Amino acid sequence: MGIVSRGFRGRARVDDPALPPGQYLTTDFPVLSAGPTPQIHLDSWRFGLTSEDGSSRSWDWLGFRRLPAEDITVDLHCVTKWSKFGTAWRGVSIDTLLEHVDTSAEFALVSSYGGYTTNLPLEDLTDGKAWIAFEYDGAELHPEHGGPARLLVPHLYLWKSAKWVRGIELRNDDEPGFWEQLGYHNYGDPWREQRYWAD
Ligand SMILES: Nc1nc2c(c(=O)[nH]1)N[C@H]1C(S)=C(S)[C@@H](COP(=O)(O)O)O[C@H]1N2
Ligand SMILES: [Mo]
């Protein structure tokens with residue numbers, strides 16, 4: 001138990017035990033995108049899940065929105081060193097999407113409208129650790145922040161939280177994504193400061 005209580009969380013304290021090493025707190029919500037914000041119409045939106053045996057499932061927007069959703073409040077940590085505490089989202093747990101999927105895959109490759117990709121171990125997406133989020137702060141997710149829907153994996157640096165997500169491929173082998181190929185750490189744990197490949 002740290003000396004600083006959770007009640008002190010709105011203040012920008014660098015000794016806050018909830019702030020990972022090397023991070024500073026911000027209250028605004030920066031937009032970081034490697035390219036333009038794609039225009040995605042809800043009637044053509046699809047989310048696909050492909051297993052390592054080649055089988056696949058997909059949801060259109062109405063089907064996706066009929067899935068049980070949860071409210072989650074989490075801290076975000078970006079590799080560019082800002083952290084934001086207490087962000088409120090609504091989304092579908094990846095566990096829900098995987099409910100009827102039989103897989104022994106160890107890895108996931110997440111892809112987005114616009115071409116962005118990111119990779120992570122499948123176990124970092126399961127057991128209540130990740131969501132496909134479609135609301136932020138009580139309103140539909142703004143396109144700049146990944147709307148209509150984005151992956152949210154708050155325990156890893158935010159580049160793993162693919163905006164404009166369109167699918168997840170379950171794989172036996174690990175395939176580096178966009179930033180991972182460009183030198184970002186393959187895993188990206190903010191508590192171990194895994195920013196770049198040599199960290
Ligand atoms: N599709 C897509 N997802 C993305 C990115 C991107 O460029 N394209 N940038 C990543 C990075 S590096 C960060 S820090 C966060 C930023 O999310 P935000 O713009 O909502 O703050 O989105 C991540 N997800
Ligand atoms: Mo980032």
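Numbering of ligands and ligand atoms starts at 1, following listing order. Predicted model, so just to flag it, every value in this text is computed and none were measured. Counting from 1, the numbers follow the sequence of the chain as shown.
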Cation-pi between Arg171 and Phe107: NZ/CZ under 6.0 Å from ring centre and within 45° of the ring axis?
no
Dump the pairs for me: ligand 1 N or O, protein N or O, distance under 3.5 Å, to 0.1 Å.
unit_1: ligand 1; atom_1: 1 (N); unit_2: Ser112; atom_2: OG; d: 3.4
unit_1: ligand 1; atom_1: 1 (N); unit_2: Lys163; atom_2: O; d: 3.0
unit_1: ligand 1; atom_1: 3 (N); unit_2: Lys163; atom_2: N; d: 2.8
unit_1: ligand 1; atom_1: 7 (O); unit_2: Ala34; atom_2: N; d: 2.6
unit_1: ligand 1; atom_1: 9 (N); unit_2: Leu32; atom_2: O; d: 3.2
unit_1: ligand 1; atom_1: 17 (O); unit_2: Arg150; atom_2: NH2; d: 3.1
unit_1: ligand 1; atom_1: 19 (O); unit_2: Leu32; atom_2: N; d: 2.9
unit_1: ligand 1; atom_1: 19 (O); unit_2: Lys163; atom_2: NZ; d: 2.6
unit_1: ligand 1; atom_1: 20 (O); unit_2: His145; atom_2: ND1; d: 2.6
unit_1: ligand 1; atom_1: 20 (O); unit_2: Arg150; atom_2: NH1; d: 2.7
unit_1: ligand 1; atom_1: 21 (O); unit_2: Pro30; atom_2: O; d: 2.6
unit_1: ligand 1; atom_1: 22 (O); unit_2: Arg150; atom_2: NH2; d: 3.2
unit_1: ligand 1; atom_1: 24 (N); unit_2: Ser161; atom_2: O; d: 3.1

Arg90 charged N/C atom sitting above Phe134 aromatic ring, 6.0 Å / 45°:
no
Please determine whether salt bridge (charged side-chain N to carboxylate O under 4.0 Å, His left out) holds for the pair Glu193 and Lys81, giving the CA-CA distance in whole Å, both sets of side-chain angles, and the decisive distance to 0.1 Å.
CA-CA 10 Å; Glu193 272 208 88; Lys81 301 200 168 178; 5.2 Å; no
Can you tell me which residue among Trp159, Trp164, Phe178 is in a ring-ring contact (aromatic ring centres under 6.0 Å, His included) with Tyr116?
Phe178
State yes or no: are the ring centers of Phe64 and Trp45 separated by less than 6.0 Å?
yes
Centroid-centroid distance, Tyr184 to Trp179, less than 6.0 Å:
yes
